[in-house]
Amino acid sequence: IDDNTVIAYGGDIYTNNELPDHLLIHEERHLKQQKTYGLEIWVDNYLKDPSYRLKMELDSYRTQLKSIKDRELRNKVRLASAKLLASPLYNNIVNYQEAFNLLNKHD
């Protein structure tokens, strides 16, 4: 976690930066997930269960990608998203290629 990390929690989005619309959509998706599953259950599962975390992130990243109309920007964000999913930020829940392939599904 660093100064660029964005966290959606309990109805609020915490960030040090202005967010582009597509990233705001990603974080709003997390807020919707938290409301659907219940905040405590969502947070507990997200932190403890890597497969749950991956499921929630894929849902949010796919929603984010679908919101981007510009094909070049969408591809750039897809590459960056795959890199993030394969990073320590998400506890390396998948490798880069797997993340990229999963983000391409349903697109």
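Numbering of residues begins at 1 and proceeds along the displayed sequence.
Linking ILVMFWY side-chain heavy atoms closer than 4.5 Å, directly or via other members, places L23 and L79 in two distinct hydrophobic clusters. Residues Y90 and L65 fall within the same hydrophobic cluster, defined by Ile, Leu, Val, Met, Phe, Trp and Tyr side chains chained together at heavy-atom separations under 4.5 Å. Hydrophobic clustering (side-chain heavy atoms under 4.5 Å, transitive across Ile, Leu, Val, Met, Phe, Trp, Tyr) groups L54 together with Y61. Side-chain heavy atoms closer than 4.5 Å link hydrophobic residues (I, L, V, M, F, W, Y) into clusters, and following such links, even through other members, never connects Y96 to L58. Residues I93 and L89 are members of one and the same hydrophobic cluster, defined by side-chain heavy-atom contacts under 4.5 angstrom among Ile, Leu, Val, Met, Phe, Trp and Tyr.
Closest non-hydrogen pair, A86 versus N92, comes out as O-ND2, 3.0 Å. Here the shortest heavy-atom pairing between A8 and L31 reads CB-CD2, 3.7 Å. Scanning both residues, A99 and A82, for their nearest heavy atoms gives CB-O, 3.6 Å.
Side-chain contact check for I7 versus T15: every heavy-atom pair is 4.5 Å or farther apart. V6 is not listed as a side-chain neighbour of N16, based on a closest heavy-atom distance of 4.5 Å or more. L85 places none of its side-chain heavy atoms less than 4.5 Å from the side chain of L102.
Ring to ring, H26 and H22 are not that close: their centroids are 6.0 angstrom or more apart.
Annotation: salt bridge (Lys or Arg N to Asp or Glu O under 4.0 Å) contacts involving residues 15-33, sequence neighbours excluded, comprise R29-D59.
For the atom pair T36 OG1 and Q34 CD, the distance stands at 10.0 Å (nearest 0.5 Å). Taking CD1 of I68 as the start and CD1 of I25 as the end, the distance is 8.0 Å to the nearest 0.5 Å. The distance from the CD1 atom of I13 to the CG atom of L19 is 6.5 Å, given to the nearest 0.5 Å.
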| message | Between M56 and Y37, is the side-chain contact (heavy atoms from CB on, under 4.5 Å) condition met? List the steps. | response | CA-CA 11 Å; M56 295 298 105; Y37 292 99; 4.0 Å; yes
Less than 3.5 Å apart, which donor and acceptor atoms pair up between the side chains of residues 38-47 and the rest of the protein, not counting sequence neighbours?
from : atom 1 : to  : atom 2 : distance (Å)
W42  : NE1    : Q33 : OE1    : 3.3
D44  : OD1    : K48 : NZ     : 2.9
N45  : ND2    : I41 : O      : 3.3
Y46  : OH     : E57 : OE2    : 2.4

